[in-house]
Protein chains: 2
Amino acid sequence: MAVREAGAGRGVSHVHAAHDHPADPAAGARWSDHAERVLREAGLRTGGGRSAVIGVFAAEDCVLAAQDIVDRLRASGGPGANLATVYRTLDTLRDHDLVHRLDPGDGTARYERAQPGGEHHHHVLFADGTIEPFHDDALEQAIEALAGRLGVDLVGHDIVLHAAPRSA
Amino acid sequence: MAVREAGAGRGVSHVHAAHDHPADPAAGARWSDHAERVLREAGLRTGGGRSAVIGVFAAEDCVLAAQDIVDRLRASGGPGANLATVYRTLDTLRDHDLVHRLDPGDGTARYERAQPGGEHHHHVLFADGTIEPFHDDALEQAIEALAGRLGVDLVGHDIVLHAAPRSA
DNA sequence: TTGTCTGCAAATTCTTTGCAACGTT
DNA sequence: AACGTTGCAAAGAATTTGCAGACAA
């Protein structure tokens with residue numbers, strides 16, 4: 001997974017790669033607990049397929065296509081989930097703001113888990129297909145200010161930067 | 001699918017709706033001339049279908065889905081274009097940076113003509129499906145600065161703001 | 001004439017849905 | 001028992017592609 005630290009960001013406090021740790025187990029477990037609680041409180045039941053999908057998101061902190069999720073489950077040997085179930089689960093998770101959907105423009109949607117606190121980040125899409133997340137407070141502030149100037153009531157925003165492959 | 005251009009454009013300092021005029025005929029003609037020249041110089045031939053598609057973009061300065069283009073052509077009574085031709089034309093135009101593709105995340109790509117000078121704008125997607133373009137210099141500067149901080153070589157960027165329906 | 005462009009239909013790819021069986025509460 | 005959940009297969013929707021004929025240069 002080509003999620004690495006943005007080198008030039010070092011020392012610039014408010015810029016940082018959003019996932020500095022390839023897969024922070026603690027964050028994953030926290031998210032998965034949160035997700036299961038939210039769904040339970042919504043009156044939904046615990047099923048094998050959905051749990052498996054949640055498990056994938058808990059373990060893999062990166063953008064995943066629906067088919068990727070099926071593949072990881074199959075590869076892990078454990079209980080799998082049908083592609084239809086995966087899509088249904090993604091819908092459910094999205095309804096409860098537990099995952100975000102990302103449209104890189106290649107015709108295949110990607111999903112990634114949402115942070116409980118409303119924290120969010122954006123993505124740099126490199127020419128070679130690599131996707132790297134980032135967060136930048138200055139950018140967020142610019143968006144806020146812009147919304148005010150436009151006079152619209154913002155409920156969210158998606159930003160995708162397109163970049164040439166890293167020379168480094 | 002009801003994606004229409006919102007007409008409202010207000011002038012807030014350096015923020016402005018990118019298409020204050022529902023369809024600026026001069027800009028449309030300019031673009032269409034430019035497009036045809038670029039394609040001719042690329043060694044491509046002039047065909048009825050492609051010309052018709054270019055004509056639609058020249059006349060309609062807003063985001064269009066492939067099917068929309070076919071519909072407009074059919075409605076206008078003049079020469080039409082097959083959906084396959086439209087897709088092929090869109091590919092060609094995109095290859096030559098004559099149109100941009102926009103993925104609102106609803107599974108259907110939208111296209112809009114690109115300005116010859118590299119001018120570009122972004123979009124506000126309202127909850128009711130309305131899409132409104134805007135341009136904001138401060139935001140562009142924020143993106144530039146951000147790219148530097150991230151240490152990436154930016155070749156483009158897409159920004160979609162999601163907003164509640166306008167109360168006004 | 002030569003190579004491109006078009007329309008039509010078939011094929012692909014991603015995503016959604018119907019339905020009967022299964023599992024949770 | 002009641003009702004949400006799942007798998008399988010079929011259905012849908014958007015986009016792409018194969019081909020033969022039409023057309024521009």
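First the proteins, then the strands, lettered A, B, ... as listed; each starts at 1. The model shown is predicted, which means the values in this text are computed figures rather than measured ones.
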*Which pairs with one or both residues in residues 73-87 of chain A pass side-chain hydrogen bond (donor to acceptor under 3.5 Å, both in side chains), sequence neighbours excluded?*
none
*Verify same cluster id: A/Val70, A/Val99 (apolar side-chain graph, 4.5 Å)*: yes
*Side-chain donor-acceptor contact under 3.5 Å, A/Asp71 with A/Gln67*: yes
_Using a heavy-atom cut-off of 4.0 Å across all strands, would you classify B/Ala65 as base, sugar-phosphate, or nothing?_
nothing
*Please name all residues satisfying side-chain hydrogen bond (donor to acceptor under 3.5 Å, both in side chains) with A/Asp33, sequence neighbours left out, ordered by chain then number.*
none
*Rounded to whole angstroms, how far apart are CG on B/Asp91 and P on D/dT15?*
11 Å
*asked:* In this structure, how many angstroms lie between the C1' atom of C/dT15 and the CZ atom of A/Arg94, rounded?
replied: 11 Å
*Describe, as an angle rounded to 10 degrees, how the axis at the first end of the helix from C/dT1-D/dA25 to C/dT25-D/dA1 is tilted relative to the axis at the last end, five pairs per end.*
30°
For residues 90-97 of chain A, run the donor-acceptor check on the side chains, cut-off 3.5 Å, and write out each pair with its distance to 0.1 Å, sequence neighbours left out.
from, atom 1, to, atom 2, distance (Å)
A/Thr92, OG1, A/Arg88, O, 3.0

*Any donor and acceptor pair, going by atom type alone, linking the side chain of A/Trp31 with main-chain N or O of A/Leu98 inside 3.5 Å?*
yes
*Just checking, any donor-acceptor pair under 3.5 angstrom between side chains of B/Glu132 and B/His121?*
no
*Write down the distance between CD (B/Gln67) and P (D/dG12), rounded to a whole number of angstrom.*
17 Å
*Nucleotide D/dA14, atom P - distance to CG of A/Asp106 in whole Å*: 17 Å
_Just the rounded figure in Å: distance from P of D/dA14 to CD1 of B/Ile69._
14 Å
*B/Glu140: partners by side-chain hydrogen bond (donor to acceptor under 3.5 Å, both in side chains), with sequence neighbours left out*: B/His120, B/His122, B/His157
_Value in whole Å for how far the P atom of D/dA13 lies from OH of B/Tyr87_ = 13 Å
*To the nearest Å, how far apart are A/Asp68 CG and C/dT15 P?*
11 Å
*What string of B, S and - do you get for nucleotides 2-8 of chain C, 5' to 3', when a contact is any protein heavy atom under 4.0 Å?*
BBSSBBB
*Find out if a path of hydrophobic residues (ILVMFWY) with successive side-chain heavy-atom gaps under 4.5 Å connects A/Val152 to A/Leu139.*
yes
_Measure CZ/A/Arg40 against P/D/dG4 and give the value in whole Å, please._
17 Å
